[in-house]
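Okay, structure first, notes after.
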Amino acid sequence: MSLLELYDVCLLNADDLLNEARLLLSHGHVARAFALAYTGWEEVGKAQLVGDYANDMVSEEEFEAAFRDHNLKSAYNWRQFVLNTKDIGASTIQYDRARAKEAFEKRQAAFYVGKDAHLKPLKPDAGVTKEESEKVIRALASELKQIREADAFTERIGSASFLK
């Protein structure tokens, strides 16, 4: 029962991050809205990893990494299922770490001041547009909705709710 509770709390935290991102965006805080929505995206990835661990679809190592590896959490939202028709047990889940790395770097830039080669400061709000913030907020809201619908319909959690 504790894995189910952990899964639910991760999704609830993603809901909170989504709501806070919307609030920040409505008050003109574009970069921070992006950063919080992206953090919610990571939290959704973590929830899915927890669900997949509960369903014996990921290793204990991946499960533990879900609580410290930002890249893994984000990449897991872009996962693909690779079916081995000769040996179902050898089927795997692949995720795109390169795509996640790029998005994570944008999130970091939305939180922290950076610098260019000439030591000119790069302000967090300079690297994110309102449209980008709106896009990640919409993506997070859509992902949460799809997960909840699939979980309710199939009475499963994690990737298994999309595979029934």
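By convention here, the first residue in the shown sequence is residue 1.
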Would you be so kind as to tabulate the donor-acceptor pairs closer than 3.5 Å made by side chains of residues 135-143, with sequence neighbours excluded?
| from | atom 1 | to | atom 2 | distance (Å) |
| --- | --- | --- | --- | --- |
| Ser142 | OG | Gln146 | NE2 | 3.2 |

Run the side-chain donor-acceptor check on residues 19-37: report pairs under 3.5 Å with partners two or more places apart or on a different chain.
| from | atom 1 | to | atom 2 | distance (Å) |
| --- | --- | --- | --- | --- |
| Asn19 | ND2 | Asp15 | O | 3.3 |
| Ser26 | OG | Leu23 | O | 2.7 |
| Arg32 | NH1 | Ala110 | O | 3.2 |

Side-chain polar contacts of residues 114-127 - donor-acceptor pairs under 3.5 angstrom, sequence neighbours left out - could you list them?
| from | atom 1 | to | atom 2 | distance (Å) |
| --- | --- | --- | --- | --- |
| Asp116 | OD1 | His118 | N | 2.8 |
| Asp116 | OD1 | Leu119 | N | 3.1 |
| Asp116 | OD1 | Lys120 | N | 2.8 |

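For the pair Lys106/Glu102, no side-chain contact is recorded, criterion being any heavy-atom separation below 4.5 Å from C-beta on. Contact of the Phe162 side chain with the Gln48 side chain is registered, since non-hydrogen atoms from C-beta on lie closer than 4.5 Å. Under the 4.5 Å side-chain criterion, counting only non-hydrogen atoms from C-beta, Glu132 is in contact with Thr129.
Heavy-atom minimum distance, Ile147 versus Leu11: CG2-CD1, 4.0 Å. Listed here is the closest heavy atom pair of Ala66 and Lys73: O-CD, 2.9 Å. Minimum heavy-atom separation, Ala14 to Leu144: CB-CD2, 4.0 Å. Between Tyr7 and Val50 the shortest heavy-atom distance is N-CG1, 3.9 Å.
Using modelled atom types, no side-chain atom of Asn55 and backbone atom of Met57 make a donor-acceptor pair closer than 3.5 Å. With Asp52 contributing its side chain and Ser159 its backbone, the two residues share a donor-acceptor pair below 3.5 Å. Using a distance-only test at 3.5 Å, with no hydrogens or angles considered, no donor-acceptor pair links the side chain of Asn13 to the main chain of Val9.
Cluster membership for Leu17 and Val128, using ILVMFWY side-chain heavy atoms within less than 4.5 angstrom, is not shared.
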Show your working on side-chain contact (heavy atoms from CB on, under 4.5 Å) between Leu3 and Tyr53 and close with a plain yes or no.
CA-CA 8 Å; Leu3 286 174; Tyr53 180 70; 4.0 Å; yes

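With values rounded to the nearest 0.5 angstrom, Asn71 atom CG is found 9.0 Å from Glu105 atom CD. Here Ser161 contributes atom OG and Glu149 contributes atom CD; the two are 11.0 Å apart, rounded to the nearest 0.5 Å.
Sorted by first and then second residue, the salt bridge (Lys or Arg N to Asp or Glu O under 4.0 Å) pairs with a member in residues 56-65 form an empty list; sequence neighbours excluded.
With sequence neighbours excluded, no residue forms a side chain to side chain donor-acceptor pair (under 3.5 Å) with Gln108. Residues forming a side-chain contact (heavy atoms from CB on, under 4.5 Å) with Ser74 (at least two apart in sequence, or on another chain): Tyr38, Trp41, Glu42, Trp78, Ala100.
More than 12 heavy atoms of other residues, nucleotides or ligands shown are found within 6.0 angstrom of CZ on Phe67.
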